[in-house]
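Each ligand, and each atom within it, is numbered from 1 in the order the structure gives.
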Amino acid sequence: MNRVYNFSAGPAVLPEEVLKDAAAEMLDYQGTGMSVMEMSHRSKVFEEILNEAEQDLRDLMAIPADYKVLFLQGGAHLQFAMIPMNLMKNRVADYIVTGQWAKKAFNEAGIYGKANKIATSEDKTFSYIPDCSDLPVSPDADYVYICENNTIYGTKFHTLPNTKGKLLVSDVSSCFLSEPVDVTKYGLLYGGVQKNIGPAGMVIAIIREDLITEDTLPGTPTYMKYKIHADANSLYNTPNAYCIYMCGKVFKWLKKMGGLEAMKLRNEEKAAILYDFLDESSLFKGTVRREDRSLMNVPFVTGSAELDAAFVKAAAEVGLVNLKGHRSVGGMRASIYNAMPLEGVKTLVEFMRKFEEEHHV
Ligand SMILES: *Cc1c(COP(=O)(O)O)cnc(C)c1O
């Protein structure tokens, strides 16, 4: 067996001990004689897996009792539509567009009502977070939408926008569980789990109870009503049971690591190693405004497309894989999620230093 350091933006690295644990339980989950993949989602054993996963997540994020936790399918993309269908009561919503994912959500919302782009950083290829302290929030907006960590561009809202009393809806896919958050600041926060939590194929939505109503837009499919899933404890239909099981294991791992405060310190330490190097490097440069840098996704360039390609190739040869930047921006991107060990980041920086010595003109 030869594990690599996997810097993929998603699906992404998972904690090795979680994978080993799942492997050990693959054929016989705790004396049931079967894998969790083979189990009825209505069984008592699975019910325990689901309830424990939810409780561990509630503990980690200190989720208040008046918020529901939903395990949903369809990826983050389905939420781009589910959010307006369920929350756009006045058919007006304000979007802050800080990257491709926010843009897609914004465009999708336009199908259902009036989506206003109240701020954007598109003028500088989404390399910063706009000042959101005094935006022209629409008086009749049902919510203000953000993508909190921009996976492709490597920016992060370090301060939440001033929504002037409107509900805040946030896509936290790529910063989920990377640091503590105050759930009460949001009406709804959600994320695809394949970035920082588990295997692909599921979204976790954390939504304030009073927002879960029968009052959805006309024509909303049953399956796309939050209420259907909330009333059924995420078991309206067959859920992504194995994914829930894997996420549950990652929650336990996070608890063991000391919870989200400890993860934040660890993530800051890892990111600092990479950013400090980028700041002093004569070859590599970070592409994001310093104060808006993400702890999770770190894009960088050499300034030469050929050198970028040579770097990505040479890195892969020594087991540092998936460093190619998103196809829309080029360059490199190192995603250093919770499960990326400190050693992985140190090895990457050592390799970058060596590459710089060999290629600097
Ligand atoms: C990856 C990603 C998405 C898209 O997720 P899917 O599960 O593929 O729909 C949306 N938002 C953010 C922030 C992402 O990182």
Side-chain angles (χ1 to χ4, degrees), residues 6-14 70-85 93 95-109 111 115 120-122 125-129 143-158 160-161 168-179 181 186 188-207 223-224 229 234 239-240 242-244 246-247 250 267 288 292-299 322 324-329 333-340:
N6 178 9
F7 294 93
S8 170
V13 57
L14 290 171
L70 306 178
F71 298 96
L72 306 170
Q73 298 174 71
H77 277 80
L78 196 67
Q79 294 308 303
F80 298 167
M82 234 169 131
I83 288 161
M85 284 180 157
Y95 280 71
I96 300 174
V97 176
T98 53
Q100 298 295 350
W101 300 123
K103 198 174 183 174
K104 275 187 141 177
F106 165 71
N107 288 335
E108 191 72 14
I111 298 174
T120 179
S121 51
E122 194 160 14
T125 26
F126 300 119
S127 60
Y128 69 102
I129 298 290
Y143 58 86
V144 174
Y145 182 101
I146 62 168
C147 176
E148 204 158 323
N149 185 81
N150 296 281
T151 325
I152 296 173
Y153 301 95
T155 59
K156 161 102 204 289
F157 279 85
H158 294 295
L160 292 175
L168 178 64
V169 173
S170 178
D171 174 355
V172 299
S173 295
S174 50
C175 58
F176 224 155
L177 302 177
S178 62
E179 56 185 285
V181 292
Y186 305 82
L188 164 63
L189 65 159
Y190 77 94
V193 300
Q194 76 273 25
K195 305 293 162 70
N196 205 17
I197 305 181
M202 199 173 72
V203 153
I204 299 175
I206 302 164
I207 176 167
Y223 197 67
M224 292 181 72
H229 298 282
S234 300
N240 189 341
Y242 198 77
C243 188
I244 292 171
M246 287 298 291
C247 291
V250 171
N267 288 327
V288 169
D292 301 322
R293 286 169 166 175
S294 163
L295 290 180
M296 298 282 100
N297 311 98
V298 183
N322 290 323
K324 195 168 186 286
H326 189 269
R327 57 197 143 80
S328 66
V329 285
R333 170 179 51 174
S335 294
I336 50 174
Y337 296 120
N338 282 343
M340 173 57 65

Q. Applying the side-chain contact (heavy atoms from CB on, under 4.5 Å) test to Asn149, which of Asn297, Asn196, Thr155, Val172 qualifies?
A. Asn297
Hey, what polar pairs (N/O, under 3.5 Å) does ligand 1 make with protein?
from     : atom 1 : to     : atom 2 : distance (Å)
ligand 1 : 7 (O)  : Ala76  : N      : 3.2
ligand 1 : 7 (O)  : Gln194 : NE2    : 2.9
ligand 1 : 9 (O)  : Ala76  : N      : 3.1
ligand 1 : 9 (O)  : His77  : N      : 2.9
ligand 1 : 9 (O)  : His77  : ND1    : 2.5
ligand 1 : 11 (N) : Asp171 : OD2    : 2.6
ligand 1 : 15 (O) : Thr151 : OG1    : 2.4
ligand 1 : 15 (O) : Lys195 : NZ     : 2.5

Q: Identify the two heavy atoms, one from Asn240 and one from Gly201, that lie closest to each other, and give their separation to 0.1 Å.
A: ND2-O, 3.3 Å
**Q.** Closest approach of Ser8 to Ala12 (non-hydrogen atoms, all atoms of both residues)
**A.** O-CB, 3.5 Å
Q | Main-chain N/O of Val97 paired to Thr120 side chain as donor or acceptor, under 3.5 Å | A | yes
Q.
Whether the Thr98 and Asn150 side chains hold a donor-acceptor pair (N or O, under 3.5 Å, no angle test) is what I'd like checked.
A. yes
Q: Give me the ring orientation class for Tyr145 and Phe80: parallel if the planes are under 30° apart, tilted from 30 to 60°, perpendicular past 60°.
A: perpendicular
